[in-house]
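Read through the structure below, which is laid out as structure tokens, and then see the notes.
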Amino acid sequence: MHWDDNGSWAWMAFMPLLWIAVIGLVVWAVVRLTQHHPSRGGGTYRDETPGETPEDVLDRRFASGEIDADTYSEARKKLAEHRRRPR
């Protein structure tokens, strides 16, 4: 098959864009597949453990010294108010 010079410039201009798209797709797929998210069952997201309630997270953060007593009390109150609201 013979390539004439009439269309080869367009093909050569398109090739870098094609390679950028392919490399971008590969990078996106690797990042997407290596992320852990609880809805996919692939581990934990941030510092949560599977099946942990918001209260459990709050208790753990208080116990580890991540938050102080005032912050803990205020957050507990807000969680209790949120739980009591009808859905």
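Along the sequence shown, residues are numbered consecutively beginning with 1.
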Co-membership, hydrophobic cluster, residues F14 and W19, 4.5 Å side-chain: yes

Gap separating the CD1 atom of I67 from the CG atom of L58, nearest 0.5 angstrom: 4.5 Å

Residue list, side chain to side chain contact (heavy atoms under 4.5 Å, CB included) with D68, at least two apart or on another chain: D70, T71

Derivation of the salt bridge (Lys or Arg N to Asp or Glu O under 4.0 Å) call for R60 and E66: CA-CA 9 Å; R60 182 171 40 79; E66 229 179 297; 5.2 Å; no

Residues which pass salt bridge (charged side-chain N to carboxylate O under 4.0 Å, His left out) with E55, listed by chain and number, not counting sequence neighbours: R83

Salt bridge (charged side-chain N to carboxylate O under 4.0 Å, His left out) partners of D59, counting only residues at least two apart: R76

